[in-house]
Protein chains: 2
Amino acid sequence: MLSVTTETTSEDLDLLFGALADATRRGIVAQLAIGEATVTQLAAPFSISLPAISRHLKVLERASIITRSKQGRWRSARLTPTSLASAATWLSLHEHLWAERFDRLDDHLARLATEKSTPQTETETERG
Amino acid sequence: MLSVTTETTSEDLDLLFGALADATRRGIVAQLAIGEATVTQLAAPFSISLPAISRHLKVLERASIITRSKQGRWRSARLTPTSLASAATWLSLHEHLWAERFDRLDDHLARLATEKSTPQTETETERG
DNA sequence: GTAACACTTAACATGATGGTTAACTATATC
DNA sequence: GATATAGTTAACCATCATGTTAAGTGTTAC
């Protein structure tokens, strides 16, 4: 493992999530997960022009999801290791908080069901 | 457990990743992970107008990340359980393929280092 | 009833996206 | 040198995103 301790900025996440917010780009990533490929190869499954693909690749590159290299007249793209990590981390972090939150909600509802008293609007009470 | 077996469409992922591709919206999600909140409360940390927040909330709602309800004159937002799951699944799936890919690459490089023979470009035989 | 509050909707400006075709660069082939 | 191939860049267009301010909708408070 390389263990590059890069700090993930908000802009990194913008670029990452933004890059993944497009079906064509996710398709490209899926193809690259199978293996390195050239632009024309990557373009094959889609019914859009090569320049369009070229720009999608640029978006993926800017988000550090892919790395590109030149060999002869072919440009090949490959996935960058650990590039999705920040996105995955953010998601898993929030999924955990989520889960906790719902545990607490369950708890809360259970308590309410038992006590069966005042209508709740925690707006003022617990957010400080 | 609810276990809603909803098929995740490509558009779902577009909406999900798209919604998360904005720092303000991620900030809102982070706040909501702490607890349910009203629009004004959610707006507080940001220096943008309330209408802007209102629209961010609409984006999050469309992506099913949050659910909204009305109580009196307050609209409260809360996180939707499992809503991030599809995004997380997609990411983890591709992270795995990724990892495999790099294992194979390592292997490949190791073999190359040992054999030290023909330059590789499976597309067509060429020289540089 | 009227005023304040908590929003949302409307109308608008502006910049980013995503697509196109045409032209350009660079490499390979004849 | 001429031509084909692989891809990018340029110019353009339509649509969407994000922000603004101003006006509108309900709801609470006086």
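Fair warning: this is a prediction, and the values are worked out from it, not measured in the lab. Throughout, a chain's letter reflects where its sequence line sits, starting with A, and its residues are numbered from 1. All heavy atoms count here, side chains included; hydrogens, waters and symmetry mates do not.
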Would you please confirm or rule out a distance under 4.0 Å between OP1 or OP2 of [N] and any side-chain N or O of [X]?
| X | N | value |
| --- | --- | --- |
| B:His56 | D:dA17 | no |
| B:Lys70 | D:dT27 | yes |
| A:Ser49 | C:dT20 | yes |

Practice prompt. Specify the separation, in whole Å, of atom CZ of A:Phe17 and atom P of D:dA17.
Written response: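 Atom-to-atom, A:Phe17 to D:dA17, this comes out as 18 Å.
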Fill in: Length of the line joining A:Leu15:CG and C:dA16:P, which is rounded to integer Å
13 Å
Item to complete: Answer yes or no: is there a side-chain heavy-atom contact under 4.5 Å between B:Trp90 and A:Leu91?
Response: no
Worksheet item: With a 4.5 Å heavy-atom cut-off, do B:Arg55 and B:Val59 have their side chains touching?
Response: no
Worksheet item: Taking only residues two or more places apart in sequence or in another chain, which ones pass side-chain hydrogen bond (donor to acceptor under 3.5 Å, both in side chains) with B:Thr9?
Response: B:Asp12
Worksheet entry | Straight-line distance of A:Leu32 CG to B:His94 NE2, nearest 0.5 Å | 10.5 Å
Worksheet, complete the sentence: Distance col, row A:Asp22:CG vs A:Leu60:CG, nearest 0.5 angstrom, shows 8.5 Å
Practice prompt. For DNA chain C, find the residues of residues 18-26 of chain A with a heavy-atom distance under 4.0 Å and give them by number; none if there aren't any.
Written response: A:Asp22, A:Arg25
Discussion item. Does the protein touch nucleotides 2-11 of chain C at the base, only the backbone, or not at all? Give it as B, S and - per nucleotide, heavy atoms under 4.0 Å.
Written reply: --BBSSBB--
Discussion item. Filter on side-chain hydrogen bond (donor to acceptor under 3.5 Å, both in side chains), then keep only pairs touching residues 58-70 of chain B, sequence neighbours left out; what's left?
Written reply: B:Thr67-B:Thr80, B:Ser69-B:Ser76
Worksheet entry | Residues forming a side-chain contact (heavy atoms from CB on, under 4.5 Å) with B:Ala43, sequence neighbours excluded |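 Scan of B:Ala43 (side-chain contact (heavy atoms from CB on, under 4.5 Å), adjacent residues dropped) gives B:Leu50, B:Ile53.
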I'd like a table of donor-acceptor pairs (distance under 3.5 Å, sequence neighbours excluded) in which one partner is a side-chain atom from residues 23-30 of chain A, with atom names and distances.
residue, atom, partner, partner atom, Å
A:Arg25, NE, A:Ala19, O, 2.8
A:Arg25, NH1, A:His56, ND1, 3.0
A:Arg25, NH2, A:Gly18, O, 3.2
A:Arg26, NH1, A:Leu20, O, 2.7
A:Arg26, NH1, B:Asp14, OD1, 2.9
A:Arg26, NH2, B:Ser10, O, 2.9
A:Arg26, NH2, B:Ser10, OG, 3.0
A:Arg26, NH2, B:Asp14, OD1, 2.8

Item to complete: Between B:Arg62 and B:Ile48, just flag the one whose closest nucleotide in DNA chain D comes earlier from the 5' side.
Response: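 Residue closer to the 5' terminus by nearest nucleotide: B:Arg62.
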